[in-house]
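Numbers restart at 1 for each chain; the letters A, B, ... are given by sequence-line order, proteins then strands. The shown structure was predicted, so the numbers you read here are calculated from the model rather than taken from an experiment. Values reported hereafter were calculated over all heavy atoms of this structure, with side chains retained and with hydrogens, waters and symmetry mates removed.
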There are 2 protein chains.
Amino acid sequence: MTDRDLRDRIKEVAVKQFNANGYHGTTIRNIAKDVNCSLPMIYYYYNNKKELFDEIIKKDFFSLIKKQASQLKNENIIDFYTKFIYNLNALSDYDKLVYRLGIKVYMSFDGDEELMSLMDEWEKNILPRHREILKPYTKNMNNEKAIVRTLVHLLETLIVNIVVKNRYLTEDEIREEISIVLQGCITKEDG
Amino acid sequence: MTDRDLRDRIKEVAVKQFNANGYHGTTIRNIAKDVNCSLPMIYYYYNNKKELFDEIIKKDFFSLIKKQASQLKNENIIDFYTKFIYNLNALSDYDKLVYRLGIKVYMSFDGDEELMSLMDEWEKNILPRHREILKPYTKNMNNEKAIVRTLVHLLETLIVNIVVKNRYLTEDEIREEISIVLQGCITKEDG
DNA sequence: ATAGAATTCTAACGAACGTTAGATAAAGGA
DNA sequence: TCCTTTATCTAACGTTCGTTAGAATTCTAT
């Protein structure tokens, strides 16, 4: 075990245990045991259990998805979305678990009201954001809204497969599925 | 409160609390309080907490999805899948919560190894089943497998929206999205 | 009416929980 | 060197947990 900041090591172990056993099933004692430190050390760095959980979601999870959302648009829309999903495979184990815990809260399977409403805020801008991205490719289509919705729904499942169910999806698999949803768009602007 | 079997009332309250607070966050005392009975009555009908949780998944959840999977095929494939999803809106509150808890286990957000492996067993026949259903419509297509996969992925998200996030999806919304994924198939056999 | 089974209760057990008090050790500048 | 700050510990507090013992009540068939 390296001599990294104990504070970070605590959070790392906590993410694992919150994922595996949920908020209530995770105990400060078990975290301390895995970190190999004494129990009150957790309280030296975090005021209480809830603050530890909240920091993972509020800091780590949101900075993760904000970073992901700010990815540069590729020249080709299908390449763009394919990379968008495919890159999730390469997330570090820690980031994957943070993402997974975030989805757990997003589905209100864990966390509290406050965290859930933060998720609702975020969710509100998902559809508009992708609508904006897809605008150049869907401007003449009558079912534009449905296409954006379907794509976002597909992306959600792909994310869940990689991050929650811990599957590896190949780039080709991802591209195939995205192409099926966007097949009406590709001939408009691209090759 | 009606005088239905106390055993059923216990399970009903348990489903609510397991959904809201997870396995570890749910206490026998709180169940008893909501059922308005004494604490040992839970143990009169169920040997322990885990048996209560397991019965919900093993009996109620699996009978629910087996019933759903055995729905009669409609003459039109898009109508069929649209109804398949749309009908979820009409599930009783209890069945929705049972379904939701099952998904929680399916995503290994709750439950134990044994329940998870039951889920894995079930998951294995999802793709083949839909491949069979779609066979008449995809037999001449080169991306048949990708279409089935994409459809199943879309169905998963729609199910999560209705059952986990408790959204109401209109029949038109559902049909639009399914049509986008199956647009290559419809002109083959149908009108 | 009454014996026996089925149902429900009060009260408690030991274990584990989140959290804290307070002592000890290590580090670093004066 | 000594003093202050930072880091770490042992031990315990009060609470809640899953579970059970054992008594009281209600039902049912004779």
Seminar exercise, completed: Heavy-atom nearest pair, A/Met107 first then B/Val160, reads CE-CG1, 3.9 Å
For this session: Can you tell me the distance, in whole Å, between the NZ atom of A/Lys33 and the P atom of C/dG18?
Result: 13 Å
For this session: Could you check how far CZ of A/Arg9 sits from C1' of D/dA7, rounded to whole Å?
Result: 13 Å
Exercise. Any idea how B/Phe18 and B/Tyr23 line up, ring-wise: parallel (<30°), tilted (30 to 60°), or perpendicular (>60°)?
Worked result: parallel
For this session: Check the surroundings of atom NZ in B/Lys50: do more than 12 heavy atoms from other residues, nucleotides or ligands lie under 6.0 Å from it?
Result: yes
Problem set entry | Residue B/Met41, side-chain heavy atoms: nucleotide from C/dT19, C/dT7, D/dT10 that is nearest | C/dT7
Exercise. Taking DNA chain C as the partner, which of residues 48-59 of chain A come within under 4.0 angstrom of it by heavy atom?
Worked result: A/Asn48, A/Lys49
Exercise. OH of A/Tyr43 versus C1' of C/dG22: gap in Å, rounded?
Worked result: 17 Å
Problem set entry | A/Tyr44 side chain near D/dT8 phosphate (N/O to OP1/OP2, under 4.0 Å) | no
Exercise. B/Leu39 CG to C/dT7 P: how many Å, rounded?
Worked result: 18 Å
Problem set entry | A/Arg149 (side chain) donor-acceptor with A/Glu144 (main chain) under 3.5 angstrom | no
Problem set entry | Salt-bridge criterion met for A/Lys145 and B/Glu176 (N-O under 4.0 Å) | no
Problem set entry | Nearest to side-chain heavy atoms of B/Leu6, which nucleotide of D/dT8, C/dA11, C/dT8 | C/dT8
Exercise. B/Tyr81 vs B/Phe84 aromatic rings, parallel, tilted or perpendicular, using cut-offs 30° and 60°?
Worked result: perpendicular
Problem set entry | B/Ala14 versus B/Ile31, closest heavy-atom pair with distance | CB-CD1, 4.0 Å
For this session: Provide, to the nearest angstrom, the distance between the CD1 atom belonging to A/Ile42 and the C1' atom belonging to C/dT20.
Result: 15 Å
Problem set entry | Out of D/dT8, C/dT8, C/dT19, whichever nucleotide has its closest atom nearest the side chain of A/Ser38 | D/dT8
Seminar exercise, completed: From CD1 of B/Ile31 across to C1' of D/dG18 the rounded distance in Å is 11 Å
For this session: Kindly confirm or rule out a cation-pi arrangement of B/Arg7 over B/Tyr44, judged by NZ or CZ under 6.0 Å from the six-membered ring centre and within 45° of its axis?
Result: no
Exercise. Which angle, rounded to 10°, do you find between the first-five-pair axis and the last-five-pair axis of the helix from C/dA1-D/dT30 to C/dG29-D/dC2?
Worked result: 0°
For this session: May I ask you to verify if any side-chain N or O of A/Tyr45 is less than 4.0 angstrom from the OP1 or OP2 atom of D/dT8?
Result: yes
Problem set entry | Separation of atom CZ in B/Arg29 from atom C1' in C/dA15, rounded to whole Å | 12 Å
Exercise. Which one of A/Asp95, A/Asn166, A/Asn19 satisfies the side-chain hydrogen bond (donor to acceptor under 3.5 Å, both in side chains) criterion with A/Arg100?
Worked result: A/Asn19
For this session: Provide, to the nearest angstrom, the distance between the OH atom belonging to A/Tyr46 and the P atom belonging to C/dT19.
Result: 15 Å
